[in-house]
Amino acid sequence: MAQSKHTAISSKRRGTVQRWTATLIPTTREAPAEAVAPSHVLLSRAGFIRPVGGATAGGAGVYDYLPMAWRVLRKVSDIIRQEMDAAGASELLLPALEPVELFAGTKRDLDYGDLLFKVTDRHGRVAALAPTHEEVITELLRGAINSYTQFPLNLYQIQTKFRDEARPRAGLLRCREFIMKDAYSFHLAVEGPGGLSEAYDAMYRAYVNSFTRCGLDFTVVEAESGPIGGSASHEFMVNCESGEDTILRCPASGYAANVEKCEIGERPAPSRGYFGGEPTGALEEVHTPNCPGIEDVSRLMKVKPENMLKTIVFRVEGGSALRTDTAGGSIRSADLPEWVVAVVRGDHEVNEGKVKGLAGASVKMADPAEAKAKGFSIGFVSPRAAVGKKGVLLLVDRDAAAGFDDAKGKPRFWATGGDRPDYHVKHFNWHRDLGVDPGAGVSDTSIIVGDVRNALAGDPSPRAAGAALVTARGIEVGHIFKLGSKYSDAMGFSVLDKEQKKQPVIMGCYGIGVSRTMAACVEMSHDADGIIWPATIAPFHVLIVLMKPDEASHRAAADRLAADLADAGADVLIDDRDERPGVKFKDADLVGIPVRLTIGDRALAEGGVEFKARRDKGKGEVVRLDGAAARCVDSLNAG
RNA sequence: CGGGGUGUAGCGCAGCUUGGUAGCGCGUUUGACUGGGGGUCAAAAGGUCGUGGGUUCAAAUCCCGCCACCCCGACCA
């Protein structure tokens, strides 16, 4: 259903009026020393959050949400609820405490490892504090759904999640306890009416609507896709230089993706073809003790990282052949390599997802001991190590496969590993030194040249010829994902379809970090004086500052204004504290309520009050008392 | 998990080198003056110095262990 325009306030809902002295807003002049991120500093100073148990207690990443924060969280949640409901989802609430056996059923107790909080009850039974609810809801539906006619179904909840993060940081941005909206959809098919893609697209739109209504500046990026393939996952990133995630964007086509996913457009092949070029000198071995890392070696050998070949050894994970042809037949496991050796330039990073794609198999970084047993001198491996071993696939990134430097018009100089501990070599030449002709797949060694590395700013766009990718920083606040039948298969959740054939249930999952959204908003929208809330999620819409709270006429004016504003749908906070004006104005800027009305002798003498929008500089303007409420509403609804 | 740093009053910090009665600023309380951008004066309350052990006549200070927190990295919705 199409959403009508949502305004920040509307007289359909009566606003609330609250007094500063009757609530808890403990503002401070200084933030705790450990607060570094702007959102952490400002939410602390403005009296929105406090670390549980005090700053140095064992409560890292666990915070009290004080009244101001809770009002914001409720407003964010309400927007999400409206959009989820409009998209056909239903809210429920699942327990945070779940039997650890449920996780063991999908092996996620191992996947999560230490990330999983565990508690033991009086009987010695172990339960997990849920980090997410795929298992719980799949288990629920397995017992509650008995007919395919009940699909599709989309269920969501907003509640506290628990993850024992290795490194909680930046206040609410990465917590061990945080508020999340998670939704799960269930289908019989991926495509078609009632299918997963339909729900996924609806969730995509609901997320765009939600974050837009929250007043956020965000980018939707393609993320690493799941087993279904295609663009099966998107992340919603708040644009913000202090964000911890890097995203890449094509300015011409609008394509955006995270580093794990981002494709690289056509890179021009070297004029002499891959690997072509004369040796730059005799192969020279250099002693490089205790230098397994590119940076150390680079410094010791005085060779720039971009002139080195970095060789990473992957192990193919047992039996999990992903490579299937269109006829549906998998490649026999005997055809799959057991090892994959990926080569990129020293200043580039290997992209594991791209390695998987090219290898056609699930891989993971090789265990050093196991790799050494196979003859890889981990830390000192060169592309040569892939040659002469059975079951080894060599993947070479396009930039690493150059033998001739077209820009400089001379053969490419390469340094790489010496294939024995503590040695590297200079003047590596692909044709001369690899051990086989890299131009043709020979004997046991197969070689693929392709895109194996992470994309970088300046790389060609995969969607627009001639355009270059640019990087930006962001904070991930939402993630939607096509799960497929991973959980339903693992937990035996299937139904009979119309033809009475057993069908695995297809699932999607959709998350929004609610508490992180609040923090991301502050990261994105603040100045040197404090927070600047968008009207739609501000804790209050209007702050009435009483210069003389014990002056009866001033109080009466404030009360009348507040009543008018509440009638119009605005939430009003009256600063009735007996404080110096400076303190009140500083706090007003700090807490960031979008509109401030100041009641004092100065404006009252002119029969008015002083109006000031938080986002505007200066001292504000005097408006007539009887027009002040309307002025506030106009300003708030203008965005 | 690796590297670096820090734990002293609600918050921010000094004191530790060279052991000897616990300090400063902000905040809080009381009173007075003040009253449009964190004001002034006077008085007051508030601390097992992260924790356990050791050395010593004596430990915030020196030694050893542990814990917690922050930053960078690894990892990761």
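So that the names make sense, note that chain A is the first sequence line, chain B the second, and so on, each numbered from 1. As the structure is a computational prediction, the values presented were derived from the model and not from experiment.
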Problem set entry | Partners meeting side-chain hydrogen bond (donor to acceptor under 3.5 Å, both in side chains) with A:Glu98 (sequence neighbours left out) | none

Exercise. Which residues pass the ring-ring contact (aromatic ring centres under 6.0 Å, His included) test with A:Phe117, sequence neighbours left out?
Worked result: none

Problem set entry | C1' gap between B:A60 and B:G20, integer Å | 13 Å

Exercise. Roughly how far apart, to the nearest Å, are B:U18 and B:C62 at atom P?
Worked result: 9 Å

Exercise. Mind checking who B:U51 pairs with, Watson-Crick or G-U wobble, both distances under 3.5 Å?
Worked result: B:G65

Problem set entry | Complementary nucleotide for B:C24 - Watson-Crick or wobble, under 3.5 Å | B:G12

Seminar exercise, completed: Answer for the Watson-Crick or wobble partner of B:A74, both distances under 3.5 Å, is none

Exercise. How close or far is atom P of B:G10 from atom CD of A:Glu34, stated in whole angstroms?
Worked result: 14 Å

Problem set entry | Listed partners of A:Asn239 passing side-chain hydrogen bond (donor to acceptor under 3.5 Å, both in side chains), at least two apart | A:Asp217, A:Thr219

For this session: Taking side-chain hydrogen bond (donor to acceptor under 3.5 Å, both in side chains) as the test, write out the residues that go with A:Gln157, two or more places apart.
Result: A:His133, A:Asp182

Seminar exercise, completed: Partner of B:A42 under the Watson-Crick or G-U wobble criteria, both distances under 3.5 Å, comes out as B:U30

I'd like a table of atom pairs between the protein and nucleotides 37-44 of chain B - only N or O on both sides, under 3.5 Å - with the distance next to each one.
unit_1: B:G37; atom_1: N7; unit_2: A:Lys619; atom_2: NZ; d: 3.0
unit_1: B:G37; atom_1: O6; unit_2: A:Arg596; atom_2: NH1; d: 3.1
unit_1: B:G37; atom_1: O6; unit_2: A:Arg596; atom_2: NH2; d: 3.2
unit_1: B:G37; atom_1: N1; unit_2: A:Asp589; atom_2: OD2; d: 3.1
unit_1: B:G37; atom_1: N2; unit_2: A:Phe585; atom_2: O; d: 3.3
unit_1: B:G37; atom_1: N2; unit_2: A:Asp589; atom_2: OD2; d: 2.3
unit_1: B:G38; atom_1: O2'; unit_2: A:Arg29; atom_2: NH1; d: 2.9
unit_1: B:G38; atom_1: O2'; unit_2: A:Arg29; atom_2: NH2; d: 2.6
unit_1: B:G38; atom_1: O6; unit_2: A:Arg45; atom_2: NH2; d: 3.2
unit_1: B:G38; atom_1: N1; unit_2: A:Asp587; atom_2: OD1; d: 3.3
unit_1: B:G39; atom_1: N7; unit_2: A:Arg580; atom_2: NE; d: 2.9
unit_1: B:G39; atom_1: N7; unit_2: A:Arg580; atom_2: NH1; d: 3.0

Problem set entry | Same-atom distance (P) from B:U29 to B:G52, integer angstrom | 33 Å

For this session: Using the closest heavy atom to pick a nucleotide of RNA chain B for each, name whichever of A:Leu604 or A:Arg50 lands nearer the 5' end.
Result: A:Arg50

Exercise. Atom CD1 of A:Ile25 to atom C1' of B:G27: distance rounded to whole Å?
Worked result: 17 Å

For this session: Just name whichever nucleotide pairs with B:U18, Watson-Crick or G-U, keeping both distances under 3.5 Å, else none.
Result: none

For this session: Only counting residues at least two apart or in another chain, list the ones meeting ring-ring contact (aromatic ring centres under 6.0 Å, His included) with A:His554.
Result: none

Do any N or O atoms of the protein come closer than 3.5 Å to N or O atoms of nucleotides 73-77 of chain B, and which pairs are they?
unit_1: B:G73; atom_1: N7; unit_2: A:Arg167; atom_2: NH1; d: 3.4
unit_1: B:C76; atom_1: O2; unit_2: A:Arg174; atom_2: NH1; d: 2.9
unit_1: B:C76; atom_1: O2; unit_2: A:Arg174; atom_2: NH2; d: 3.4
unit_1: B:A77; atom_1: O4'; unit_2: A:Arg163; atom_2: NH1; d: 3.4
unit_1: B:A77; atom_1: O3'; unit_2: A:Arg163; atom_2: NH1; d: 3.4
unit_1: B:A77; atom_1: N9; unit_2: A:Arg163; atom_2: NH1; d: 3.3
unit_1: B:A77; atom_1: N7; unit_2: A:Arg516; atom_2: NH2; d: 3.3
unit_1: B:A77; atom_1: N6; unit_2: A:Glu476; atom_2: O; d: 3.4
unit_1: B:A77; atom_1: N6; unit_2: A:Arg516; atom_2: NH1; d: 3.2

Problem set entry | B:A9 to B:G25 separation - P atoms, rounded to the nearest Å | 16 Å

For this session: Give none if B:A60 has no partner; otherwise give the nucleotide forming a Watson-Crick or G-U wobble pair with it, both distances under 3.5 Å.
Result: none

Exercise. When you check the side-chain N and O atoms of A:Tyr200 and A:His234, is any donor under 3.5 Å from an acceptor?
Worked result: yes

For this session: Identify whether any heavy atom of A:Ala588 sits under 4.0 Å from a base atom; if not, whether one sits that close to sugar-phosphate; answer base, sugar-phosphate or nothing.
Result: nothing

Exercise. In whole Å, what separates the C1' atom of B:G50 from that of B:G5?
Worked result: 16 Å

Seminar exercise, completed: Residues pairing under salt bridge (Lys or Arg N to Asp or Glu O under 4.0 Å) where one sits in residues 548-557 of chain A, two or more places apart or in two chains, turn out to be A:Lys548-A:Asp601

Problem set entry | N/O donor-acceptor pair under 3.5 Å between A:Glu621 side chain and A:Lys612 backbone | no

For this session: Provide the distance between the two C1' atoms, one in B:A44 and one in B:G27, to the nearest whole Å.
Result: 14 Å

Problem set entry | Rounded distance (Å) that lies between atom C1' of B:G25 and atom CD of A:Glu30 | 8 Å

Exercise. Which whole number of Å gives the distance between the C1' atom of B:U21 and that of B:C63?
Worked result: 25 Å

Problem set entry | Pairs where residues 508-524 of chain A contributes a residue and the test salt bridge (Lys or Arg N to Asp or Glu O under 4.0 Å) is met, not counting sequence neighbours | none

Problem set entry | P gap between B:U17 and B:C11, integer Å | 26 Å

For this session: Can you tell me the distance, in whole Å, between the CD1 atom of A:Ile599 and the C1' atom of B:G35?
Result: 17 Å

Exercise. Is A:Glu349 paired with A:Lys310 through a side-chain N to carboxylate O contact shorter than 4.0 Å?
Worked result: no

For this session: Check the distance between B:G10's C1' and A:Asp64's CG and give it to me in whole angstrom.
Result: 14 Å

For this session: Using only heavy-atom distances, determine whether the side chains of A:Arg473 and A:Thr246 contain a donor-acceptor pair under 3.5 Å.
Result: yes

For this session: Would you mind pulling out the nucleotide paired to B:G37, Watson-Crick or G-U wobble, both distances under 3.5 Å?
Result: none

